[in-house]
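To keep things clear, I will list the structure first and then write my remarks on it.
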Amino acid sequence: MKSLALLFLLVICGMGGLGQKLKPKKRSNGEEINFRTKTTDVCTMSMSGDEEMNVRIECKSQGTSYWCEFTGKPSLCRAFRNNPKIYWNQVAAELRKLPHACESTQVLKTTMCQKAPTEALMKQIAAGMEPEDLASQDKSVQKTSTSMRGAGQSSVKKIAKLPMLPTQHGQGSENESEAMKLAREHCWESLHDFCSYVIGIFRG
């Protein structure tokens, strides 16, 4: 009786081990791979999803950042199902050969799934620049406008220092036209009226 119970226990354990062996390999999900492009851009590739996978690539290059996203169903490729880790390593290896990880990269290439269906390909769906790059561009625009305002103020100061010309009584309209003439010569077009007013004050 004891031997029969022991035999039954061994059969149960054996079936449990067989069930573990038949489980498919775990797919990569939420993993990241770090790599550098041909021009030494520092990049991170992150993968997520199950049947339909999503890939996001983020890179930093000489003070700028860029990104791109891909989607597809690589699980339709048998080689991917057998070893997804090798698949993603091959993708990273191909990206290392490029000067830019997102430009001219419409499809992520691998050697192990070349004969897979079209739906299995990871195709690019979006790309762009990081917000901080746009912010730095805004700062440069603000800096340029500030320097232009400074140039305008210096022009007004130069006009204020112009020597006063002798005035003639009864010729106010002529003085006004002279002031406008000087304003057109030394001021921006948007400041003509203001400069003419200032010059008129100094000319009496």
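Only heavy atoms go into these numbers, but all of them, side chains included; no hydrogens, no water, no symmetry mates.
- Residues meeting the side chain to side chain donor-acceptor pair (under 3.5 Å) test with Thr37, sequence neighbours left out: Thr39.
- A distance of 10.0 Å separates CD1 of Ile125 from CZ of Arg56, quoted to the nearest 0.5 Å.
- The line from CG of Leu108 to CH2 of Trp88 is 7.0 Å long, rounded to the nearest 0.5 Å.
- With rounding to the nearest 0.5 Å, the separation of CD in Glu58 from SG in Cys68 is 9.5 Å.
- In the hydrophobic clustering of this structure, Met129 does not group with Val42; members are Ile, Leu, Val, Met, Phe, Trp, Tyr whose side-chain heavy atoms approach within less than 4.5 Å, directly or through other members.
- With sequence neighbours excluded, the residues that form a side chain to side chain contact (heavy atoms under 4.5 Å, CB included) with Glu119 are Leu76, Pro117.
- Distance check: Thr105 OG1 to Leu98 CG gives 5.0 Å after rounding to the nearest 0.5 Å.
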May I have the step-by-step check of disulfide bond (SG atoms under 2.5 Å apart) for Cys59 and Cys102, ending in yes or no?
CA-CA 9 Å; Cys59 299; Cys102 291; 5.5 Å; no
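- Glu94 contributes atom CD, which lies 12.0 Å from atom CG of Asn89 (distance to the nearest 0.5 angstrom).
- Distance NZ/Lys181 to CD/Glu178: 5.5 Å, rounded to 0.5 Å.
- Applying the side-chain hydrogen bond (donor to acceptor under 3.5 Å, both in side chains) test to every pair with at least one member in residues 107-117, sequence neighbours left out, gives these pairs: Gln90-Thr111.
- Ile86 and Val91 end up in the same hydrophobic cluster when Ile, Leu, Val, Met, Phe, Trp and Tyr side chains are linked at under 4.5 Å.
- Nearest approach of Met112 to Ala79, heavy atoms of both residues: CE-O, 3.2 Å.
- Minimum interatomic distance between Phe70 and Met122 (heavy atoms only, all atoms of both residues): CD2-O, 3.7 Å.
- For the pair Glu69/Val55, no side-chain contact is recorded, criterion being any heavy-atom separation below 4.5 Å from C-beta on.
- Between Trp67 and Ile57, every side-chain heavy-atom pair lies at or beyond the 4.5 Å cut-off.
- Under a cut-off of 6.0 angstrom, the local environment of CD in Gln62 is sparse, with at most 12 non-hydrogen atoms contributed by other residues, nucleotides or ligands.
- For Arg96, there are no side chain to side chain donor-acceptor pair (under 3.5 Å) partners two or more places apart in sequence or in a different chain.
- Under the rule for a side chain to side chain donor-acceptor pair (under 3.5 Å), Gln124 has no partner lying at least two apart in sequence or in another chain.
- Sorted by first then second residue, the ring-ring contact (aromatic ring centres under 6.0 Å, His included) pairs that include residues 37-59, not counting sequence neighbours, number zero.
- Taking all atoms of both residues into account, the shortest heavy-atom contact from Lys60 to Ser65 is CG-OG, 3.6 Å.
- Between Thr44 and Ile33 the shortest side-chain heavy-atom distance does not fall below 4.5 Å.
- Residues satisfying the side chain to side chain donor-acceptor pair (under 3.5 Å) test with Asn54, not counting sequence neighbours, are Thr71.
- Applying the side chain to side chain contact (heavy atoms under 4.5 Å, CB included) rule to Thr118 yields the partners Leu121, Lys123; only residues at least two apart in sequence or on another chain are considered.
- Under the ring pair (Phe, Tyr, Trp, His ring centres under 6.0 Å) criterion, Tyr87 pairs with Phe80, sequence neighbours left out.
- Pairs engaging residues 69-100 under the disulfide (SG to SG under 2.5 Å) rule: Cys77-Cys113 [sequence neighbours left out].
- Here Glu103 pairs with His100 under the side chain to side chain contact (heavy atoms under 4.5 Å, CB included) rule; sequence neighbours left out.
- In plain terms, the two heavy atoms of Pro84 and Arg81 that are nearest each other are CD-O, 4.1 Å.
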Derivation of the side-chain contact (heavy atoms from CB on, under 4.5 Å) call for Lys73 and Met53
CA-CA 6 Å; Lys73 297 180 179 180; Met53 300 289 296; over 6 Å; no
